[in-house]
Protein chains: 2
Amino acid sequence: MSWQPAFTQGHTRDRTNQFIGQLRRVSCPLPETLEFLQRLCREPRRVCAKSDIVLSGTPSAYLHIVLSGWACRTRTLADGRRQITAFLLSGDICDLDNVFFDPPGESVSALTECEVAAIPKARLRDLARRDADFAEALGWFAAHDKVVLGARIASLGQRPAQERIAHLLCELITRLRARGEANGDSCRVPLTQEQLGEALGLTTVHVNRVLQGLRADNVVVRDGDRLTILDWEGLQAIGCFSPTYLHLPGRTHSQPIA
Amino acid sequence: MSWQPAFTQGHTRDRTNQFIGQLRRVSCPLPETLEFLQRLCREPRRVCAKSDIVLSGTPSAYLHIVLSGWACRTRTLADGRRQITAFLLSGDICDLDNVFFDPPGESVSALTECEVAAIPKARLRDLARRDADFAEALGWFAAHDKVVLGARIASLGQRPAQERIAHLLCELITRLRARGEANGDSCRVPLTQEQLGEALGLTTVHVNRVLQGLRADNVVVRDGDRLTILDWEGLQAIGCFSPTYLHLPGRTHSQPIA
DNA sequence: CGTCCGATTGATGGGACTCAAGATTTGTGG
DNA sequence: CCACAAATCTTGAGTCCCATCAATCGGACG
């Protein structure tokens, strides 16, 4: 498995750190806070694909942040069925709620090889106490997660399969674009159809058929783990997607729905 | 509409305030913080049933807290379909994420007559800056919401209608019990089948039939807005419900699943 | 070259939706 | 206090979306 994180630029200094970037975008943490976090990010843990970053039910003293690669939060029901509750991209916090609730109720698994930063929870709390701006940023992250979860609930509850898939693809592409990990209308989406199904509450078989439908209509094409949008307007329309709820910075190559 | 909040006790001092109670349970805010909040709670806004507490898309300078009554967060899709993303009971914060994201993406509507406290966001931020414990409590609330949302996603994605309904009923009863708003195995659940459907991604008709099935199996009975559990163990088993994720205090009259 | 994993295809069945009508409850005004 | 209106609940018949089961195909890899 040769996954290569797609960095926008290859600076000689710290390469683009999405987490620190977001942090600074939503608040003004103290220099010492940033420095501490940056130091931690400089020696990330390498996690290989398909292994767990956080294991539900197992207490953990760390908060985890994805620096590169793809991961997902999963919840396993008593009968073994799995639900993916979120996809985590570079800069996303894995288990913010577990700062308060230990052991975690959800697992986090790497979908590709990942670089993960681990912050001791005790230090994090300390940081938040000392630095109100940082605390506020954490609140922002939590609120952001809540919004995205709410959107997913609406999708699962109200939308038929095709719309649901289209919406998820729109969301992923938009988030990738904001990170500079998409080239125009094409990007890597290293998800199997089974994983898409687990996130959307659909079976692999049905995901496959719907995806073929979208392809037949010249909306999207998947070739391996490369996803190409042929008709961005169309995909948005099918998924009733409006990127505003993601609260991302700058251009996301999309117009608000009139 | 003669809805009467069911208070556990009729103290002469402040009557039981679930919000303040929870706040103190999860952290130790400064006395002045508590006093400020208590003062606000003492003159709540009265909101009549079916009216909006928060209107999606309309900026609001206040954070809202349900002091008594039932409310729900809803999200309306472009085509008009509605999804209820959460039911809000006494002490629950309506729109915590909108402290960061204005205007709100979700509406909050009163399902019964409600008493609602409104805290100016600016004051709230101020409070959180001054009082790290209070800030931490807010984090707790946000994390808690996230956990509950995650559980609902798993329900919507993986469970068939009967399990989904059973799970939601278990959740509601457990939360009511923790508030002292349930008498033994019976409590008021002022929800229409349509509203249950909107929360569960099911049609009214189907909710009705499943509910009848649960009744035929002597699991639960609904009489008007009164819900009575005939077989608590059975209901939990059907819904694969384990109350731990709700992180409620004390007795919830339930055993962890072995 | 055989194995494994993921994508694909087909046939079949069922859970949930839709449509439509009636019953029951709740609310309202005279 | 009754009559009427409006919700809400209930029931039935028909349909469809999506799940299930089962097999095949293709590529990656040791």
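Just so you know, these numbers come straight off a predicted model, no measurement behind them.
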By side-chain contact (heavy atoms from CB on, under 4.5 Å) - contacts of B/Val147 (at least two apart): A/Arg75, A/Asp97, A/Phe101, B/Tyr245
Results of side-chain contact (heavy atoms from CB on, under 4.5 Å) for B/Val189 - residues two or more places apart only: B/Trp70, B/Leu172, B/Leu176, B/Cys187, B/Leu191, B/Leu227
CZ/A/Phe19: more than 12 non-hydrogen atoms of other groups inside 6.0 Å: yes
Rounded interatomic separation in angstrom, taking CD from A/Glu194 and P from D/dC18: 19 Å
Basic-acidic side-chain contact under 4.0 Å: B/Asp79, A/Arg159: no
Of all pairs that satisfy ring-ring contact (aromatic ring centres under 6.0 Å, His included), the ones with a partner from residues 199-223 of chain B, not counting sequence neighbours: none
Look for any protein N or O under 3.5 Å of an N or O in nucleotides 23-25 of chain D and output each such pair with its distance, or none.
none

Partner residues of A/Glu171 under the salt bridge (charged side-chain N to carboxylate O under 4.0 Å, His left out) criterion, sequence neighbours left out: A/Arg152, A/Arg175
Salt bridge (charged side-chain N to carboxylate O under 4.0 Å, His left out) partners of A/Asp231, counting only residues at least two apart: none
Those residues that, when tested against B/Arg226, pass side chain to side chain donor-acceptor pair (under 3.5 Å) (two or more places apart): B/Ser186
Whole-Å gap separating C1' (D/dA19) and CD (B/Gln158): 12 Å
Divergence of helical axes at both termini of the helix from C/dC1-D/dG30 to C/dA21-D/dT10 - five pairs an end, 10° steps: 40°
Atom-pair distance (CG on B/Leu227; P on D/dC9), nearest Å: 13 Å
Set of side-chain contact (heavy atoms from CB on, under 4.5 Å) partners for B/Thr58, sequence neighbours left out: B/Leu55
Euclidean distance, atom CG of residue B/Asp223 to atom P of D/dT10 [Å, nearest integer]: 10 Å
Test salt bridge (charged side-chain N to carboxylate O under 4.0 Å, His left out) applied to B/Arg82 - qualifying residues, sequence neighbours left out: B/Glu198
Distance in angstrom units between A/Gln193 CD and C/dT8 C1', rounded: 8 Å
Atom pair distance, as rounded to whole Å: CG in A/Asp225 and P in C/dC5: 18 Å
Under 4.0 Å protein heavy-atom contact, by nucleotide of nucleotides 9-18 of chain C - B base, S sugar-phosphate only: BBB----BSB
Contacts of B/Arg46 that satisfy side chain to side chain donor-acceptor pair (under 3.5 Å) - sequence neighbours left out: B/Glu113
Integer-rounded Å distance: C/dT25 P and B/Arg222 CZ: 14 Å
Gap between atoms CG and C1', on A/Leu196 and C/dG6 respectively (whole Å): 12 Å
Below 4.0 Å: OP1/OP2 of D/dT8 and any side-chain N or O of B/Gln195: no
